[in-house]
Amino acid sequence: MHPHLRSFRPTQPALPALGRARIFIGALLGILLTTLVSRWWLGGNAAGLPYLVAPIGASSVLVFAAPAAPLAQPWAVFGGNVVSGLAGVLCARLIPDPVLAGACAVALAILGMSCLRCLHPPGGAVALTAVLGGPAIQAAGFGFVVTPVAVNTLLLIAMGLAFNNLTRHRYPHVAPAQPQVARNSAGYTIEDLDQVLAHYGEQLDVDRDDLDAVFRQVEARAYQRRHGDIRCGAIRSRVPAAVGPEDTVATVRGLMADYHMRSVPVTDEDGRLLGVIPPLPATVPGRQGIRHLVQPAVTALATTPVVNILPAITAGAHEAMVVDEVGRLVGMVTTADLLSALYGNEAIALAGKTSFVGLVS
């Protein structure tokens with residue numbers, strides 16, 4: 001096949017049958033209910049306006065087939081359609097030639113949506129409808145933006161909120177929480193990702209945080225494939241020292257200095273892990289007790305695959321504490337242990353020249 005023809009092949013990933021059925025049912029119910037309610041609400045409109053505008057069908061594609069897309073979020077749908085309607089009515093009133101008015105309406109709609117961060121492709125059709133939709137729409141003027149455009153849009157968003165959340169697709173979409181400055185195992189930061197997206201120069205129909213989450217999951221899959229048989233128990237180190245909840249900050253600092261520890265585990269009298277004490281600011285008095293300074297620890301069992309703790313380690317945690325089934329501390333996995341297990345002796349040689357703090361913070 002010719003290289004240029006190859007670009008016309010389908011590029012979107014195939015959806016499973018259940019996913020296609022969900023989209024079909026969602027669009028069916030969304031448009032049906034939006035139409036019925038709009039007809040009941042607006043059907044007797046003396047101005048002769050349609051009770052449903054065609055661009056709502058295009059909006060439904062995004063709301064039900066791509067609810068995670070930035071272009072499908074409620075503000076994008078509502079703001080995009082309303083701003084585009086306003087642009088269309090304005091151009092229809094100011095420009096006598098409908099051909100020129102239609103072109104200007106679409107361009108102005110895109111500019112307005114871009115400025116208000118509510119870019120929504122069906123908005124272009126709303127703008128054209130306001131110009132070319134016929135005498136009733138033109139006579140309604142800016143009232144067309146309220147009824148039927150705003151009413152149709154709000155009803156569709158309500159249907160999308162109900163259906164998507166009932167089918168376990170969070171809408172509005174919220175990307176998985178990710179550390180905003182932590183360096184991951186690929187060595188990039190959120191700021192690096194922002195700069196690349198800005199340099200890309202195009203509107204991508206994917207959320208920045210979703211991209212970051214995808215990158216992290218791809219990395220974890222790759223590590224799982226290459227190193228899935230390595231367990232935390234096989235690479236754990238001995239815990240040099242631990243403290244009790246009644247110890248002081250001075251004791252913790254002393255252990256960090258003596259054993260070069262980046263965090264000190266806190267255990268109870270039975271050896272069960274209570275948490276860790278991270279490096280503390282110099283302003284914290286040495287005589288102060290540590291009970292209220294204990295922070296949650298990254299924990300793993302001896303049977304836990306090392307790839308499971310990679311996200312936490314690369315996001316800023318310095319060690320993972322290995323515990324048994326009842327929570328007793330039995331070891332720890334440090335950054336050096338991970339590098340040795342995943343990359344071998346060459347990584348250890350590199351680590352001798354590079355601060356681990358720089359690698360993971």
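Residue numbers count from 1 along this sequence.
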| How far does CD1 of Ile110 sit from CG of Leu119, to the nearest 0.5 angstrom? | 7.5 Å
| Should we say atom CZ of Phe142 is surrounded by more than 12 heavy atoms from elsewhere, each under 6.0 Å from it? | yes
| request: Any chance you could measure Thr303, atom OG1, to Glu325, atom CD, to the nearest 0.5 Å? | output: 7.0 Å
| query | Is there side-chain contact between Arg236 and Asp337, with heavy atoms separated by less than 4.5 Å? | reply | no
| said: If we ignore hydrogens and angles and just use 3.5 Å, is the side chain of Thr153 paired with the main-chain N or O of Val149 as donor and acceptor? | reply: yes
Could you list the donor-acceptor pairs under 3.5 angstrom formed by side chains in residues 155-165, with sequence neighbours left out?
from: Asn164; atom 1: OD1; to: Arg22; atom 2: NH1; distance (Å): 3.0
from: Asn164; atom 1: ND2; to: Val63; atom 2: O; distance (Å): 3.0
from: Asn164; atom 1: ND2; to: Gly160; atom 2: O; distance (Å): 3.1
from: Asn165; atom 1: OD1; to: Tyr171; atom 2: N; distance (Å): 3.4
from: Asn165; atom 1: ND2; to: Leu161; atom 2: O; distance (Å): 2.7
from: Asn165; atom 1: ND2; to: Tyr171; atom 2: O; distance (Å): 2.7

| query | Looking only at heavy atoms, what is the nearest atom pair of Ala72 and Pro67, with distance? | reply | CB-CA, 4.4 Å
| query | With a 4.5 Å limit on heavy-atom distance, are the side chains of Leu301 and Val323 in contact? | reply | yes
Show which side-chain atoms of residues 130-137 pair as donor or acceptor with protein atoms under 3.5 Å away, not counting sequence neighbours.
none

| message | Give me the atom names and distance for the closest heavy-atom approach of Val276 to Ala297. | response | CG1-CB, 3.6 Å
| Do you reckon Val145 sits in the same ILVMFWY cluster as Leu49, going by side-chain contacts under 4.5 Å, direct or chained? | yes
| request: Can you measure from OG (Ser38) to CD1 (Ile56) and round to the nearest 0.5 angstrom? | output: 8.0 Å
| task | Identify whether Met261 and Ile235 are in the same connected component of the hydrophobic contact network (ILVMFWY, side-chain heavy atoms under 4.5 Å). | result | no
| said: Check for me, please, whether Phe78 and Val89 land in the same ILVMFWY cluster - side-chain distances under 4.5 Å, paths through other members count. | reply: yes
| Nearest 0.5 Å, what's the OG1-OH distance between Thr147 and Tyr51? | 15.0 Å
| Side-chain donor or acceptor of Asp268 paired with backbone N/O of Asp270 under 3.5 Å | yes
| message | Other residues, nucleotides and ligands only: do more than 12 of their heavy atoms fall within 6.0 Å of CG on Leu94? | response | yes
| message | Check whether Asn81 reaches the backbone of Ala150 with its side chain - one donor and one acceptor, N or O, closer than 3.5 Å. | response | no
Residues 26-35, side-chain donor-acceptor partners within the protein, below 3.5 Å, at least two apart:
from: Thr34; atom 1: OG1; to: Gly30; atom 2: O; distance (Å): 2.7
from: Thr35; atom 1: OG1; to: Ile31; atom 2: O; distance (Å): 2.6

| field | Partners passing side-chain contact (heavy atoms from CB on, under 4.5 Å) against Leu293 (at least two apart in sequence or in another chain) | value | Val249, Ile277, Leu280, Val284, Gln288
| query | For the residue pair Ala242 and Thr267, what are the closest heavy atoms and their distance? | reply | CB-OG1, 4.2 Å
| note | All heavy atoms of Ile290 vs all of Gly244, minimum pair found to be CD1-O, 3.2 Å
| message | The criterion is salt bridge (Lys or Arg N to Asp or Glu O under 4.0 Å); which residues satisfy it with Asp258, sequence neighbours excluded? | response | none
| task | Kindly write out the residues that satisfy salt bridge (Lys or Arg N to Asp or Glu O under 4.0 Å) with Arg117, not counting sequence neighbours, or none if the list is empty. | result | none
| Between Val77 and Leu62, is any pair of side-chain heavy atoms under 4.5 Å apart? | no
| remark: To the nearest 0.5 Å, atom CG of Leu329 lies from atom CG of Leu273 at 5.5 Å
| Could you walk me through whether Met256 and Val264 pass the side chain to side chain contact (heavy atoms under 4.5 Å, CB included) check? | CA-CA 7 Å; Met256 287 180 173; Val264 177; 3.7 Å; yes
| query | At their closest point, which heavy atom of Ala105 faces which heavy atom of Ala127, and how far apart are they? | reply | O-CB, 3.7 Å
| task | May I ask whether Val106 and Val99 are part of the same hydrophobic cluster, defined by side-chain heavy atoms of I, L, V, M, F, W, Y residues being less than 4.5 angstrom apart, directly or through others? | result | no
| said: Under a 3.5 Å distance rule, please check whether Trp41 uses its side chain to pair with a backbone N or O of Pro148 as donor and acceptor. | reply: no
| task | Would you confirm whether His120, through its side chain, and Cys118, through its main-chain N or O, come within 3.5 Å as a donor-acceptor pair? | result | no
| request: Could you tell me which non-hydrogen atom of Arg231 sits nearest to which non-hydrogen atom of Pro305, and how far apart they are? | output: NH1-CG, 3.1 Å
| request: Evaluate the side-chain proximity of Glu319 to Pro265: yes if any heavy-atom separation is below 4.5 Å, no if none is. | output: no
| task | State the SG-CG distance between Cys91 and Leu128, to the nearest 0.5 angstrom. | result | 10.0 Å
| said: With heavy-atom distances below 4.5 Å as the criterion, would you say the side chains of Phe144 and Val53 are in contact? | reply: yes
| query | When clusters are formed by joining ILVMFWY residues with side-chain heavy atoms under 4.5 Å apart, either directly or through shared neighbours, do Val61 and Ile23 land in the same one? | reply | no
| Met332 side chain reached by Pro240 side chain, heavy atoms, under 4.5 Å | yes
